[in-house]
Amino acid sequence: MKNNNQHKSSLFDKHILLNALIDSIRKLNPKTQLKNPVMFVVFIGAIFTSFLFVKDIFEGHFSGFNFQITLWLWFTVLFANFAEAIAEGRGKAQAESLRKLKTNTFARLFENGKETQILSSQLKLHDIVICEANDMIPADGEVIEGIATVDESAITGESAPVIRESGGDRSAVTGGTKVLSDKIIIRITSEQGNTFLDRMIALVEGAKRKKTPNEIALTILLSGLTIIFLLAVVTLYPFALYAKNASGDNINLSIPILISLLVCLIPTTIGGLLSAIGISGMDRLISHNVIAKSGRAVEAAGDIDVLLLDKTGTITLGNRMATDFFPSEGNTENHLAETSQLASLSDDTPEGRSIVVLAKEKFNIRGRDLSHFQINHIPFTAQTRMSGIDISVDQKLVNSIRKGAADSIKHYVISLGNTFPADLENLVTQISMEGSTPLVVAENGKAIGVIKLKDIVKGGIKERFDQLRKIGIKTIMITGDNPLTAGAIAAEAGVDDFIAEAKPEDKLRKIREEQSLGKLVAMIGDGTNDAPALAQADVGVAMNTGTQAAREAGNMVDLDSNPTKLIEIVEIGKQLLMTRGALTTFSIANDIAKYFAIIPAIFAGLYTFGAVSGPLSKLNIMYLHSPESAVLSSIIFNALIIIALIPLALKGVKFKPLSASAILARNLVIYGVGGVIAPFVGIKLIDIIINFLHLV
Amino acid sequence: MKTFDVIQIVLFFGALIVLTPILGKYMAKVFSGDFSDQLSKSYWNPIRYFRLFEKIIYKICGIKPNELMNWKSYTISLLVFNFIGFLFLFFLQLIQKWLPANPQHLGNVEVALSFNTAASFVTNTNWQSYAGETTLSYLVQMLGLTVQNFLSAATGITVILALIRGLKNKTTNDLGNFWADLTRSIIYVLIPLSIILAVMLVSQGVVQTFDNYTTVNTLEGAKQTIAVGPAASQIAIKMLGTNGGGFFNANSAHPFENPTPFTNFLEMFALLIIPMALTYTFGKMIGSVKQGWTIFIAMFILCIVGFAIMLYSEYSNNPVLQHAGIMEGKETRFGIMNSVLFANITTDVSCGAVNCMHSSLTPMSGMIATINMMLGEIVFGGVGAGMYGMLIFVILTVFIAGLMVGRTPEYLGKKIEAKEVKMAIVAVLAPNFVILAFTAIAVMIPAGLSSILNTGPHGFTEILYAFTSAAANNGSAFAGLNANTNFYNIMLGIGMIIGRFAIIIPVMAIAGSLSAKKIVPQSSGTFKTDSGLFIGLLIAVILIVGALTHFPALSLGSIIEHFLMLSGKTF
């Protein structure tokens, strides 16, 4: 990840905090509250106690205790609002900076051979526009003519300019980016209000945020628990009345206390943080420069069973590198290296450069002064499938070197009346078997040896795949190489499976095959021919450098166009789900302590038979000071824990690549056992402070 | 506790554990319709005759066992069948006076009581507001109650079978044939086991006769009427089908219903065996015996811990009487351990037969009995019902904790989504609603309060226990409460119906929804549901969601009574 990333903002930016504070008040709108059933119950409770408090004042009583209860109930609602607002705020800040790009620019509309200037907002679908150096690209489109370097840093945060050209897989341009050099002609591919930028703004802002399937299911569960506890608390009133009559003791069965009990029992912690967790999941993706088109895709990322990865660029470095020289009988390795280097001096492909470098490293052979020779470079052509060099002195050819694929050199050698040595033939086969590419070198029509070109597997990728295997994810490598080469690289990289000689439709077929087994598949792609597979995959990540078709088909876009990103996306998806589970567990585990605080507080005065306190005071195992302070401590703890857990909700539970059982055991200890213990400690501490301050 | 008691406990649970896989395997075979067993060709193999019987029934009733049903038609068949059973039993009681097999010339039963009894036996609750020997004719007991004892137990089995198929199916809607499942559970499981048990009970002195009640002169010279009747046959299925409705009012404390320590052992054994074996059947049928044992162990732990607390409480020194091991309300031929064990398992297993008076248990052990039922009868639970009730908690556990491994929740490869969660919540909410809301109504109105015998927290527990027993379809009574009033008959009757069908319908909906889903293959990233960790989690969720809801109510009943007892006060 890059450091110059503009999308990254610190967890608590001053500006965001301030806006979030305002928003948490704004969110008190009952319509907004109704979206979150758990917090809505707290909201109604707060209104109810406020009403009772005001009524009391009109009747001439003032209850400091009821006032504090009311206050903390409102705080509980506000804290939950704040959590959501702060998560949204981070997105909004990003949206703000993106929106600045949308300032109305002029577009050079090209129509009927004439160029006119119009406002970019007036552009229609399929309009043709011209962009030259320093022009802002007015809207999303496809380059239909020309090539240009484009600064896309405003969107990707990547300062290095990228190349955009007509045809091929790098034709898509995005509105709001800037042409740095040359001239391109663009066909507009999106309508105003629905451009990539517009959608990105909507996404990061969370404006169109819909609850994801798992979030809906969790909301149902939390609502169900809320109803159960509502039932338990509402019926407690008649139960307590019975006990009051039966024992003849007079206890204070106030409505605010019962509401406090209810609010403490219902899962407010997770209820208050649930939407913040969802928003920040999307947000974390954005900070990795990935835009998810829906929250559903982020959730699906956590469930991924199979990763489909392209070999080139993902598993291996883009290019093959020379690693060895193998001379044929009668030639020395040194000579072969020298000859190969000569042949490659003018070859500026990465392979060619790697030969020069290898010769230099192995035999300390440097480029020589060739000024007194006449040099004729023979470039690679599709017909000859060879490249090389002809060196002449005084118009007389002294040395002619060719390098190329084994069969083409063989053909070349034989055509000149020479034989292709048998030992060389063996070498070629052997290198192919190892999964490398043999490059045969011929000098003056005689084959003198082979250069071994090898695919270099990216450093650390094997460990990455090991981690994925641990968390139960299967990796499949896709390559156009022959099965032999593919197999060797697959083994070296440690992928679980590979598809060799893959055609684009093979990807689609493989995805369908895995999906029919019930598995969820993720893939990354950029080309137009990847589009069907991207659409079929459960998580389809399109590279931003890719075609418009690919970007439409995927449900995520990677702005960095980094194929390894898929692994991080899966981790973020898992983290999102883990955070939800952890906080739900924590929230439910909290209830035990709250019972032990409030039940004795309400009922200690029953069946006293004249004693100071009744039998249920024995349940006050925390030795809370008084019934009032017990209730107040619980409700304060309940409110504060929401604030305390906001950072966790935003950052997510720490992800470690372990097996499901190990992850579960770890999270259970922290959030389950911790969830049982924390409130005992917290409530006791608050009780001590309350009594120190004489609040009740 | 004596050494003999310990030996008996070990022997009891040991025998059950040994028999669980044997019966479980047999049931899995029968319910899968797998009769490939070579043995079935032998003339000595009873299965051969069961099959014949099964085929005859299909022929008579026009059942096509291979006609598969989706969840809706399966559920509708089940509901219609049970409703007809309810109407039949209801009207049978209303006109028993004019029907045969009524040697005592008992009159017609009142409408409210008939409703209660019909609801009670159809829902496998077998709450008895009536006293059998003075209210119901032999005909009603046999044709009405005993038949329902079989049918309600079989109904429970059909539901768990549908749910198992839902879990095992891959994207289909076929959950099996309700009529075939019902027939098979009766013919292959319930009838054979009942016959064996009935014969064993008769051998020990349980009565089985159509004779009149006899009148004898006692040693004091008084005249005493001794009630008899066709008891053994009803008692066998009462225990095996986790029904619990006694032939006599005193239930399994009655010397003709449970005469010896051996019959007591047998009855306790019969009460647990089918629910226990069904955990194995579940594992076998879904293709992982380990999953079945996991659930078995979770249930077993809850059972044993409850039993241990009860024993501890019963054997502790009672400060009121300055004595440990109070025999009040217990039969001398069973003693304390056997009474407590019976009380624990009968409430665990939604049976509701009793061999001691639960009202006389210590507050703590009375509370455990109440909690056993409040959990929703999932500690082995009713025949079939315990298993599907437990699976509801499994779904909740998987949903809450499953997220923590970083995947959306799944159980046995089936994704648990909004629909399943919604239905699971309905199934948990329904009985809790009955327990809490109905008890609240009862303690607010004179019709509810006038029935209680004791004051204070004990009186409260009597009401709470009654509605808990109804909602959980247990049927045991705490005693003390006069339940044969219009108010209680109707409220408890409604409670039993909600507690039964407001769980069955959502469970069937879950079965339907799961059946249509794909099965996600297991990987090392999958949340394991057959580990020790999962057992712990499941128990924690059951206790927090199932029991903690009732903590406030319990604290005003048994808990406060316990503390008061420690300070020497009783009610």
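Chain naming here is simple, since letters A, B, ... match the order of the sequence lines and numbering starts at 1 in each. Keep in mind that what you see is a predicted model, and the values were worked out from it rather than measured.
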Search all heavy atoms of [X] against all heavy atoms of [Y] and return the closest pair with its distance.
| X | Y | value |
| --- | --- | --- |
| B/T549 | A/Y595 | CA-OH, 3.7 Å |
| B/L436 | A/F239 | O-CZ, 3.6 Å |
| B/P409 | A/N214 | CD-ND2, 3.5 Å |
| A/M578 | B/G406 | CG-N, 3.3 Å |

Tell me, side chain or backbone of [X] under 4.5 Å from chain A's heavy atoms, or both, or neither?
| X | value |
| --- | --- |
| B/V545 | side chain |
| B/F433 | both |
| B/K528 | side chain |
| B/L537 | side chain |
| B/T455 | backbone |
| B/L403 | both |
| B/F527 | both |

Can you tell me which portion of [X] sits under 4.5 Å from chain B's heavy atoms? Options are side chain, backbone, both or neither.
| X | answer |
| --- | --- |
| A/R666 | neither |
| A/Y242 | side chain |
| A/S247 | neither |
| A/A660 | both |
| A/A665 | both |
| A/K474 | neither |

Quick one: which of [options] has the most heavy-atom pairs under 4.5 Å with chain A, could you say?
| options | answer |
| --- | --- |
| B/A440, B/A424, B/S567, B/A442 | B/A440 |
| B/I519, B/L564, B/L449, B/V520 | B/L564 |
| B/T171, B/T439, B/L429 | B/L429 |
| B/E417, B/M404, B/E420, B/K170 | B/M404 |
| B/S523, B/G557, B/G456, B/A401 | B/G456 |

So the salt bridge (charged side-chain N to carboxylate O under 4.0 Å, His left out) pairs with at least one residue in residues 567-581 of chain A (sequence neighbours excluded) are A/E215-A/R580, A/E299-A/R580, A/R464-A/E568

Quick one: salt bridge (charged side-chain N to carboxylate O under 4.0 Å, His left out) pairs with a partner in residues 392-413 of chain B, sequence neighbours left out? A/D305-B/R407, B/R407-B/E410, B/E410-B/K415

Check: A/S659 main-chain N/O paired with B/S524 side-chain donor or acceptor under 3.5 Å: no

May I ask you to name which of [options] has the most heavy-atom pairs under 4.5 Å with chain B?
| options | answer |
| --- | --- |
| A/A246, A/P615, A/G224 | A/P615 |
| A/D591, A/V653, A/I592 | A/I592 |
| A/N667, A/I220, A/D303 | A/D303 |
| A/T585, A/V234, A/L520 | A/T585 |
| A/L218, A/I216, A/L576 | A/L218 |
| A/L658, A/T584, A/L668 | A/L668 |

Atom [atom1] in [X], atom [atom2] in [Y]: separation rounded to 0.5 Å?
| X | Y | atom1 | atom2 | value |
| --- | --- | --- | --- | --- |
| A/L225 | B/I400 | CG | CD1 | 6.5 Å |
| B/F534 | A/S661 | CZ | OG | 12.0 Å |
| A/Y607 | B/L556 | OH | CG | 7.5 Å |
| B/S555 | A/L236 | OG | CG | 7.0 Å |
| A/S223 | B/I425 | OG | CD1 | 8.5 Å |

Option among A/V233, A/I599, A/I598 that satisfies the side-chain contact (heavy atoms from CB on, under 4.5 Å) test with B/P552: A/I599

Does some side-chain heavy atom of A/L619 sit less than 4.5 Å from a side-chain heavy atom of B/F551? yes

Less than 4.5 Å apart, any side-chain heavy atom of B/P521 and any of A/K519? yes

Cation over ring face, B/K569 and A/F609, 6.0 Å, 45°: yes

Interface residues of residues 461-472 of chain B facing chain A - heavy atom cut-off under 4.5 Å: none

Kindly write out the residues that satisfy side-chain contact (heavy atoms from CB on, under 4.5 Å) with B/S288, not counting sequence neighbours, or none if the list is empty. B/K290, B/Q291

